Colleague: 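Let me begin by handing over the structure; questions about it come next.
Everything numeric here is computed off the predicted structure, so don't read it as measured data.
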Amino acid sequence: MSPIVSEEYKRKKKKEILAGALACFAKKGFQAATIDDIVAYSGISKGAIYNYFKSKEEIYLELLNEQTESANAKLAEKISMFSSAEEKLEYLFDLYRDMSPFSQERKDRITVQLEFTLHSSRDENLNRILNERGKKFFLKLITDIMEEGQTAGEFRPDADPNHVAGLFWTFMDGAMLHRVINEEYPYKTIIDYVKSLVLQDLKQE
């Protein structure tokens, strides 16, 4: 008869697997890493890992969800403190600007995330999951602010919220990539410049 395993034990074991997997992905790269590598980094047997996850892709998706849900809850609380849509959008630009210089942990996370995104482009199911995640957490964050600003008369009504959201995240992904691969990249200066262009455009008559 199998021993009864508590929910607390399961949560703890999953956290250990996820921590080991993240360290493994950061060191070896997502593509090159194997379940055997994750075993070596986590100290947890392959059988035990497969009790919780079917693949390294499933492990990384769990990492993404865990990070995103926690970060977004804090971000939503912070954004709600601002009274205008313009202030909220300015805060988001400033938040990403002030992340640099990146810690080694943040560099690792950015690198692994970009690797996984490229990997997912070759897998229809993974690609769908990431696109749905992007719409739910990231695009909606900006489109909600845009629509609030348009309703309040802060932003011009003909600006497409989806286009602004797409521009914001495309730029942030690109800026972070360049900052990770080139420490001399003028990350903060460029973000401030794009911020001024976007806000100026949104308020044009």
Colleague: Are there over 12 heavy-atom neighbours, none belonging to Y193, within less than 6.0 Å of that residue's OH?
Modeller: no

Colleague: For E58, I'd like to know if atom CD has over 12 heavy atoms of other residues, nucleotides or ligands within 6.0 Å.
Modeller: yes

Colleague: Any heavy-atom pair between the side chains of D192 and F93 that's under 4.5 Å?
Modeller: no

Colleague: Answer whether the closest heavy-atom distance between the side chains of E154 and K203 falls below 4.5 Å.
Modeller: no

Colleague: Going through the checks in order, is the salt bridge (charged side-chain N to carboxylate O under 4.0 Å, His left out) test met by K27 and D37?
Modeller: CA-CA 10 Å; K27 184 71 175 177; D37 293 322; over 6 Å; no

Colleague: Within a radius of less than 6.0 Å around CD of E184, do more than 12 heavy atoms belonging to other residues, nucleotides or ligands occur?
Modeller: no

Colleague: Any sub-3.5 Å donor-acceptor pair from K46's side-chain atoms to I38's backbone N or O?
Modeller: no

Colleague: In Å, rounded to the nearest 0.5 Å, how long is the span from CG of L61 to CZ of R133?
Modeller: 8.5 Å

Colleague: I need the Q113 CD to R106 CZ distance, nearest 0.5 Å.
Modeller: 10.5 Å

Colleague: Using the salt bridge (charged side-chain N to carboxylate O under 4.0 Å, His left out) rule, pick out the option among K88, K78, K195 that qualifies with D94.
Modeller: K195

Colleague: For F116 and F25, I'd like to know if the aromatic rings sit close, meaning centre-to-centre distance below 6.0 Å.
Modeller: no

Colleague: Atom OG in S42, atom CG in L18: separation rounded to 0.5 Å?
Modeller: 10.0 Å

Colleague: On the 0 to 90° scale, with breaks at 30° and 60°, tag the F138-W169 ring pair as parallel, tilted or perpendicular.
Modeller: perpendicular

Colleague: Within a strict 4.5 Å, meaning less than it, do heavy atoms of the K28 and T34 side chains meet?
Modeller: no

Colleague: Could you walk me through whether V112 and Y60 pass the side chain to side chain contact (heavy atoms under 4.5 Å, CB included) test, one step at a time?
Modeller: CA-CA 9 Å; V112 175; Y60 189 67; 3.4 Å; yes

Colleague: Among all residues two or more places apart in sequence or in another chain, which pass the salt bridge (Lys or Arg N to Asp or Glu O under 4.0 Å) test with K135?
Modeller: none

Colleague: How about Y187 and H178: are their ring centres within less than 6.0 Å of each other?
Modeller: no

Colleague: Is the shortest side-chain heavy-atom distance between F155 and L89 below 4.5 Å?
Modeller: yes

Colleague: Which pair of non-hydrogen atoms, one from S120 and one from L130, has the smallest distance, and what is that distance?
Modeller: OG-CD1, 3.2 Å

Colleague: Determine the minimum heavy-atom distance between S84 and E148, stating which atoms define it.
Modeller: C-OE2, 4.2 Å

Colleague: Would you say that more than 12 heavy atoms from the other residues, nucleotides or ligands in this model lie under 6.0 Å from the CD of E132, or not?
Modeller: yes

Colleague: Can you name the nearest heavy-atom pair linking I49 to I44, along with the distance?
Modeller: CD1-O, 3.8 Å

Colleague: How far does CG of L75 sit from OH of Y91, to the nearest 0.5 angstrom?
Modeller: 6.0 Å

Colleague: Just by distance, with hydrogens left out, do N131 and N127 show a side-chain donor and acceptor under 3.5 Å apart?
Modeller: yes

Colleague: Do you know which two heavy atoms are closest between Q150 and R156, and how far apart they sit?
Modeller: NE2-O, 3.2 Å

Colleague: Going from CE on M176 to CE on M99, what distance comes out if it is rounded to the nearest 0.5 angstrom?
Modeller: 7.0 Å

Colleague: Any link between M81 and I145 through a network of hydrophobic side chains (Ile, Leu, Val, Met, Phe, Trp, Tyr) touching at under 4.5 Å?
Modeller: no

Colleague: What are the two closest heavy atoms between G20 and Y41, and how far apart are they?
Modeller: O-CB, 3.5 Å

Colleague: Within the 4.5 Å heavy-atom criterion, are F168 and V198 side-chain neighbours or not?
Modeller: no

Colleague: Compare every heavy atom of R179 with every heavy atom of S100, then report the nearest pair and how far apart it is.
Modeller: OG-NE, 3.0 Å

Colleague: Before giving the answer on side chain to side chain contact (heavy atoms under 4.5 Å, CB included), spell out for E86 and L202 the whole-Å C-alpha distance, their side-chain angles and the decisive distance to 0.1 Å.
Modeller: CA-CA 9 Å; E86 183 177 356; L202 291 177; over 6 Å; no

Colleague: Look at R109 together with E105 and state whether they make a salt bridge at an N to O cut-off of under 4.0 Å.
Modeller: yes

Colleague: Going through the distances and angles, do L92 and I79 end up as a side chain to side chain contact (heavy atoms under 4.5 Å, CB included)?
Modeller: CA-CA 8 Å; L92 287 177; I79 286 177; 3.9 Å; yes

Colleague: So L118 and F30, do their side chains get closer than 4.5 Å, heavy atoms only?
Modeller: no

Colleague: T111 vs V180, test: side chain to side chain contact (heavy atoms under 4.5 Å, CB included). Steps then yes/no.
Modeller: CA-CA 8 Å; T111 301; V180 166; 3.7 Å; yes

Colleague: Mind checking whether M146 and L197 sit in one hydrophobic cluster, side chains of I, L, V, M, F, W, Y counted as touching below 4.5 Å?
Modeller: no

Colleague: Strictly below 4.0 Å, N to O, side chains only: are E183 and K107 in salt-bridge contact?
Modeller: yes

Colleague: For the pair K74 and E77, evaluate salt bridge (charged side-chain N to carboxylate O under 4.0 Å, His left out) and give the outcome as yes or no after the intermediate values.
Modeller: CA-CA 5 Å; K74 294 176 183 177; E77 181 179 358; over 6 Å; no

Colleague: Between CG of D201 and CG of L167, what distance do you get to the nearest 0.5 Å?
Modeller: 9.0 Å

Colleague: Would you call L114 and L177 a side-chain contact if the rule is heavy atoms closer than 4.5 Å?
Modeller: yes

Colleague: What I want to check is whether the side chains of T143 and E147 have a donor and an acceptor closer together than 3.5 Å.
Modeller: no

Colleague: Does any N or O in the side chain of E62 come within less than 3.5 Å of the main-chain N or O of I59, such that one atom is a donor and the other an acceptor?
Modeller: no

